[in-house]
Amino acid sequence: MSAHILMTDPAHYAVSYRINPWMRPDAWSSDAGGLTAKARIGSAALAAALERLGARISWAPAAEGLPDLVFPANAAVVLDGKAVLARFRKPERRGEEPLFAAAFERLRAAGDIAEVETLPEGCFHEGAGDAIWDARRGQLWTGFGPRSTKAAGERIAAAFGVAATALELATERFYHLDTCFCPLPGGEVLYYPPAFTEPALKAIRARVAPADLIEATDEDAARFCVNAVGIGRDIVMASAAPDLERRLSERGYRVTEIDLSPFILSGGAAFCMTLRLDHESRPANAQQETTHEHRNADALA
Ligand code: ARG
């Protein structure tokens, strides 16, 4: 099955408040017209790059006064055709909840999603930004601290009946897990160690072999390159430092860079601007591969 990705029309995107240290409303208002135009170009370029890689894009509509709607990664966690809708910690973003609920209802009516669930009120969970599916390991990685709570991450994992490793985020600068942690399709994990507490680093290192850990530099993290979308051997990200591209291509990945600078002014980039709707905890071809392996093992026995 090819990737199916939700994005939001950036028509009303702006940086008009400050709920994370990257957000620069001053920089935005000094060139609102230019940045608005550049944001539209960046969003369209991201969609085009993903479409070139075979993804289908569904669009959620923009709404005036809700600029962060352009980050649908925070709208929900989606796995096996089920969407569990987010509960935003930040009051500035709570108005997005009914709009994303309506968008998911439309996806359900269209048959793109089978089921939509809501978390109880008073729970804080900011969607796939803090619950990242690792297809290789067949588990979620959940981030907690600045936005989502640890308990909400556990609820998410229970809702899908999958294993999860909770990772505590150490700083407001890396306020969602997707700003500092990216499992790649081949099983490597690109991550930024200073964003994590000691127990979180231990948990990562206990589950990912040293050879599979790729450390992002300060510059990679500040350019939001860890906030990347991997599809097969392709990785789509914001403009990268040359060394990161080299390190990823040594491992057989092609990197597509998109100028997402207007979105980095809000603390987001490629991963935040997208939400995968098609992740399966047991993909059909993985099952086939297992069967195949069993057959070979049987044949050898
Ligand atoms: N301004 C947004 C916020 O602070 C950016 C969200 C970026 N999304 C993400 N998944 N990291 O909530």
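In each ligand, atom 1 is the first atom listed, and ligand 1 is the first ligand listed.
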Q. Under a strict 4.0 Å criterion on non-hydrogen atoms, which protein residues are in contact with ligand 1?
A. Ile19, Asn20, Met23, Asp68, Phe71, Asn74, Arg93, Gly129, Arg147, Tyr175, His176, Asp178, Thr179, Ser266, Gly267, Cys272

Q) Just wondering, more than 12 heavy atoms not from Glu64 lying within 6.0 Å of its CD? A) no

Looking at [Y] and [X], is any side-chain nitrogen of the basic one under 4.0 Å from a carboxylate oxygen of the acidic one?
| X | Y | result |
| --- | --- | --- |
| Glu105 | Arg108 | yes |
| Arg89 | Glu126 | no |
| Asp134 | Arg136 | no |

(Q) Check for me whether Arg87 meets the cation-pi criterion with Phe124, that is, NZ or CZ under 6.0 Å from the six-membered ring centre and within 45 degrees of the ring axis. (A) no

Could you pull out every donor-acceptor pair under 3.5 Å between side chains of residues 199-213 and any protein atom, sequence neighbours left out?
| residue | atom | partner | partner atom | Å |
| --- | --- | --- | --- | --- |
| Arg205 | NE | Tyr191 | OH | 3.3 |
| Arg205 | NH2 | Tyr191 | OH | 3.1 |
| Arg207 | NE | Thr165 | OG1 | 3.1 |
| Arg207 | NH1 | Ala203 | O | 3.0 |

